[in-house]
*Asks:* 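I am attaching a structure below and will ask some questions about it afterwards.
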Amino acid sequence: MQIAIVLFDRFTALDAVGPYETLGRLPDAETVFVAEHTGAVRNESGNLALTADRTLAEVPRPDIVVVPGGPGQTPQMDNRVLLDWLRAADATSTWTTSVCTGSLLLAAAGCSRAAGPPRTGWPSTTSSGSVPSRPESGWCSTGSTSPRPACRPASTWGSPCSDGSRATNTHRPYSC
């Protein structure tokens with residue numbers, strides 16, 4: 001199983017390293033850091049670098065995709081290379097996941113499973129002006145968008161869920 005953790009300039013280190021530490025321990029897992037170019041990629045404060053050992057093109061069909069957040073996400077919203085790769089990887093991955101504002105990159109790519117509430121700045125729009133929607137249930141703490149959850153438009157947040165309860169917005173996963 002191949003796990004691809006995406007890196008971009010000014011990512012939040014914990015958003016990449018946390019999933020790496022957890023998912024990298026799965027039996028038979030190959031965890032790779034990927035970026036548009038190989039080499040060192042600096043975190044948001046510039047004092048830590050992770051190494052992208054493979055380019056996006058070298059990892060066309062990962063089983064799991066992890067997209068971290070961070071202030072560097074905003075300039076990536078129009079990065080056609082990254083967005084095209086995310087779209088293609090999402091089409092074949094078993095799990096496409098994001099942490100915090102990484103979900104906005106999935107939405108910008110038009111990933112069918114993209115729906116994510118970052119901890120700050122929500123709601124937000126992609127460069128195309130769309131607002132990512134929030135799933136009714138099925139979220140893990142890293143903002144997993146797989147398996148494909150039933151999503152609802154942002155305008156229905158707080159609407160009754162199928163069990164009669166109301167969707168909640170807490171520091172825990174968003175669910176009914």
Side-chain angles (χ1 to χ4, degrees), residues 1-20 22-24 29-46 48-135 139-140 142-149 151:
M1 168 178 31
Q2 188 177 53
I3 302 165
I5 301 175
V6 177
L7 298 177
F8 50 85
D9 286 331
R10 299 184 64 221
F11 69 95
T12 295
L14 184 59
D15 291 1
V17 175
Y20 168 80
T22 304
L23 298 173
E30 173 198 20
T31 306
V32 295
F33 288 107
V34 299
E36 194 170 345
H37 306 285
T38 59
V41 182
R42 294 266 166 202
N43 72 332
E44 63 190 302
S45 61
L48 174 71
L50 294 181
T51 301
D53 291 319
R54 306 236 186 111
T55 66
L56 298 169
E58 293 173 320
V59 183
R61 297 174 58 95
D63 298 294
I64 298 175
V65 176
V66 178
V67 183
Q73 159 268 318
T74 301
Q76 300 301 316
M77 296 294 282
D78 294 313
N79 179 341
R80 297 298 353 140
V81 173
L82 175 59
L83 299 179
D84 289 347
W85 182 85
L86 287 171
R87 190 175 312 102
D90 177 59
T92 61
S93 70
T94 302
W95 290 86
T96 296
T97 66
S98 62
V99 181
C100 199
T101 58
S103 63
L104 297 176
L105 287 170
L106 293 178
C111 296
S112 60
R113 297 180 272 187
R119 293 183 300 264
T120 59
W122 187 264
S124 185
T125 59
T126 65
S127 60
S128 64
S130 63
V131 176
S133 60
R134 185 178 95 184
W139 278 72
C140 75
T142 59
S144 170
T145 59
S146 291
R148 299 177 195 276
C151 295

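Atom set for the values below is all heavy atoms of this structure, side chains included, hydrogens, waters and symmetry mates excluded.
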*Asks:* What heavy-atom pair brings D15 and P68 nearest, and what distance separates the two atoms?
*Replies:* CB-CB, 3.5 Å
*Asks:* Quick one: does D90's side chain get under 4.5 Å of R87's, heavy atoms only?
*Replies:*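 The answer is no; the side chains never approach within 4.5 Å.
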*Asks:* Can you check whether V17 reaches L50 side chain to side chain, under 4.5 Å on heavy atoms?
*Replies:*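 Counting from C-beta outward, V17 and L50 do come under 4.5 Å.
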*Asks:* W85 versus V34: any side-chain heavy-atom pair under 4.5 Å?
*Replies:* yes
*Asks:* Could you give the distance from CD1 (I3) to OG (S93), rounded to the nearest 0.5 Å?
*Replies:*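 Separation between the atoms: 12.0 Å.
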*Asks:* Tell me, which pairs form a salt bridge (charged side-chain N to carboxylate O under 4.0 Å, His left out) where one or both residues lie in residues 48-70, sequence neighbours left out?
*Replies:* E30-R54
*Asks:* Would you say the side chain of T55 lies within less than 4.5 Å of the side chain of T38, judging by non-hydrogen atoms?
*Replies:* yes
*Asks:* Mind running side chain to side chain contact (heavy atoms under 4.5 Å, CB included) on F33 and V41 for me, showing each step along the way?
*Replies:* CA-CA 10 Å; F33 288 107; V41 182; over 6 Å; no
*Asks:* Enter the distance from Q2:CD to I64:CD1 here, rounded to the nearest 0.5 Å.
*Replies:*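 Here the rounded value is 10.5 Å.
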*Asks:* Is the shortest heavy-atom distance from the side chain of P19 to the side chain of T97 under 4.5 Å?
*Replies:*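 No, their side chains stay 4.5 Å or more apart.
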*Asks:* Side chains of T31 and I5: closer than 4.5 Å at any heavy-atom pair?
*Replies:* yes
*Asks:* Would you please test L106 and T96 for side chain to side chain contact (heavy atoms under 4.5 Å, CB included) and show each step?
*Replies:* CA-CA 9 Å; L106 293 178; T96 296; 3.7 Å; yes
*Asks:* Could you pull out all donor-acceptor pairs under 3.5 Å where a side-chain atom in residues 70-77 meets a protein atom, sequence neighbours excluded?
*Replies:*
from	atom 1	to	atom 2	distance (Å)
Q76	OE1	N79	ND2	2.8

*Asks:* Got V6 and L82 here, is their nearest side-chain heavy-atom distance under 4.5 Å?
*Replies:* yes
